[in-house]
Amino acid sequence: MRYIVDGSNLLGALGLALESDQAKSELVRLLASFSRSAKSRVDCVFDGSRPDGFATSFGGLTVRFSHPRSGDDVVENLASSGVAPCVVVTNDRALAGRVKSRRVQIESCAEFRRRVERSSTHSESARGDRTDWDL
């Protein structure tokens with residue numbers, strides 16, 4: 001399964017600072033762990049420019065920054081790339097409406113968080129470590 005995550009929207013849904021490079025880095029770490037444990041491709045899209053020194057590839061995770069376009073435009077473009085099946089993670093109803101015609105599933109940030117937590121719990125019992133959402 002491929003996941004396209006509206007990273008800025010997910011940060012907001014988690015109550016984290018949208019402009020914080022530290023919050024973005026922590027979210028990226030969690031998504032990389034999820035990608036590994038779920039054996040899934042994950043594309044995370046943040047609005048704006050890439051901070052200096054911010055890595056963009058972590059195994060099955062690719063991090064994208066939208067500048068000069070909007071993050072929604074980048075997510076829509078990725079969703080229309082034809083890689084199926086695909087899940088777009090966002091709470092943004094306008095974005096969900098834009099990509100629904102692309103035959104993708106929409107998953108809310110809360111649903112995705114539960115998926116990551118289940119994956120983390122499974123991974124923790126298999127490896128003896130823990131990844132959680134306490135940022």
Side-chain angles (χ1 to χ4, degrees):
M1 181 69 69
R2 177 181 180 208
Y3 295 87
I4 303 171
V5 177
D6 181 348
S8 298
N9 189 261
L10 184 55
L11 283 173
L14 295 173
L16 301 172
L18 298 177
E19 300 302 320
S20 167
D21 294 345
Q22 182 177 355
K24 290 175 186 171
S25 293
E26 192 65 21
L27 181 58
V28 164
R29 183 184 64 77
L30 291 166
L31 292 174
S33 177
F34 168 75
S35 174
R36 257 190 326 276
S37 65
K39 295 177 177 56
S40 296
R41 283 268 320 119
V42 178
D43 288 285
C44 178
V45 179
F46 291 112
D47 290 307
S49 299
R50 182 175 65 90
D52 291 337
F54 203 102
T56 57
S57 182
F58 303 87
L61 170 67
T62 302
V63 180
R64 301 168 193 273
F65 290 85
S66 67
H67 182 75
R69 301 182 299 167
S70 75
D72 290 0
D73 289 345
V74 174
V75 169
E76 182 179 22
N77 186 53
L78 289 170
S80 66
S81 67
V83 178
C86 176
V87 175
V88 172
V89 177
T90 189
N91 285 343
D92 183 331
R93 290 182 186 181
L95 175 58
R98 287 171 62 178
V99 299
K100 244 190 174 146
S101 63
R102 309 280 189 236
R103 298 182 337 162
V104 301
Q105 279 183 264
I106 305 299
E107 189 163 290
S108 73
C109 294
E111 291 169 320
F112 185 69
R113 178 180 181 164
R114 286 189 294 275
R115 179 184 302 279
V116 170
E117 288 171 344
R118 282 191 307 270
S119 173
S120 173
T121 301
H122 172 71
S123 187
E124 173 187 323
S125 60
R127 291 190 325 247
D129 64 357
R130 180 162 181 183
T131 303
D132 58 34
W133 286 77
D134 295 330
L135 305 176

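Remember, predicted model here, so these are calculated numbers, not experimental data.
- Side-chain contact check for Arg36 versus Phe58: every heavy-atom pair is 4.5 Å or farther apart.
- Between the Glu111 side chain and the Ser108 main chain, a donor and an acceptor come within less than 3.5 Å of each other.
- Checked by atom type and distance alone, the side chain of Ser35 never pairs as donor or acceptor with a backbone atom of Leu31 at under 3.5 Å.
- Applying the salt bridge (charged side-chain N to carboxylate O under 4.0 Å, His left out) test to Asp6 and every residue at least two apart in sequence or in another chain returns nothing.
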Per-pair distances, 0.1 Å, donor-acceptor, side chain in residues 45-52, under 3.5 Å, sequence neighbours excluded:
from: Asp47; atom 1: OD1; to: Gly71; atom 2: N; distance (Å): 2.8
from: Asp47; atom 1: OD2; to: Ser8; atom 2: OG; distance (Å): 3.3
from: Arg50; atom 1: NH1; to: Phe54; atom 2: O; distance (Å): 3.0

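- Surrounding CD of Glu19 are at most 12 heavy atoms belonging to other residues, nucleotides or ligands under 6.0 Å away.
- The CG atom of Asn91 sits 12.0 Å away from the CZ atom of Phe112 when rounded to the nearest 0.5 Å.
- Ser40 contributes a side-chain N or O that, together with a main-chain N or O of Ala38, makes up a donor-acceptor pair within less than 3.5 Å.
- Of the possible donor and acceptor atoms, none in the side chain of Ser119 sits under 3.5 Å from a partner among the backbone N and O of Ser37.
- Leu95 CG to Lys100 NZ: the interatomic distance, rounded to the nearest 0.5 Å, is 11.5 Å.
- Contact annotation: the side chain of Val104 never approaches that of Val87 to less than 4.5 Å [non-hydrogen atoms, C-beta and beyond].
- Taking each heavy atom of Ala23 and Ala17 in turn, the nearest pair found is CB-O, 3.9 Å.
- The shortest side-chain heavy-atom distance between Cys44 and Leu61 falls under the 4.5 Å cut-off.
- Residues Val88 and Glu107 have side chains not in contact (no heavy-atom distance under 4.5 Å, counting atoms from C-beta outward).
- In this structure the side chain of Arg64 reaches within 4.5 angstrom of the side chain of Leu78, judged on heavy atoms.
- In this structure, the side chains of Val75 and Thr90 stay at 4.5 Å or more apart for every pair of heavy atoms.
- At least one side-chain heavy atom of Asn9 sits less than 4.5 Å from a side-chain heavy atom of Cys109.
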Please test Ile106 against Val99 for side chain to side chain contact (heavy atoms under 4.5 Å, CB included), starting from the C-alpha separation and ending with a verdict. CA-CA 8 Å; Ile106 305 299; Val99 299; 3.4 Å; yes
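- Remark: the backbone N or O of Ile4 is not paired with any side-chain donor or acceptor of Asp43 at under 3.5 angstrom.
- Rounding to the nearest 0.5 Å places CZ of Phe34 at 9.0 Å from CZ of Arg118.
- Using a 4.5 Å heavy-atom cutoff, the side chains of Thr62 and Thr56 are not in contact.
- In this structure, CG on Leu18 lies 10.5 Å from CG on Leu10, to the nearest 0.5 angstrom.
- Between Arg29 and Glu26 a salt bridge is recorded (basic side-chain N to carboxylate O distance below 4.0 Å).
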Applying side chain to side chain contact (heavy atoms under 4.5 Å, CB included) to Asp73 and Arg98, what does each step give before you reach the verdict? CA-CA 9 Å; Asp73 289 345; Arg98 287 171 62 178; 2.5 Å; yes
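- Here the shortest heavy-atom pairing between Ala55 and Val63 reads O-CB, 4.2 Å.
- Between Ser81 and Arg2 the shortest heavy-atom distance is OG-NH1, 3.1 Å.
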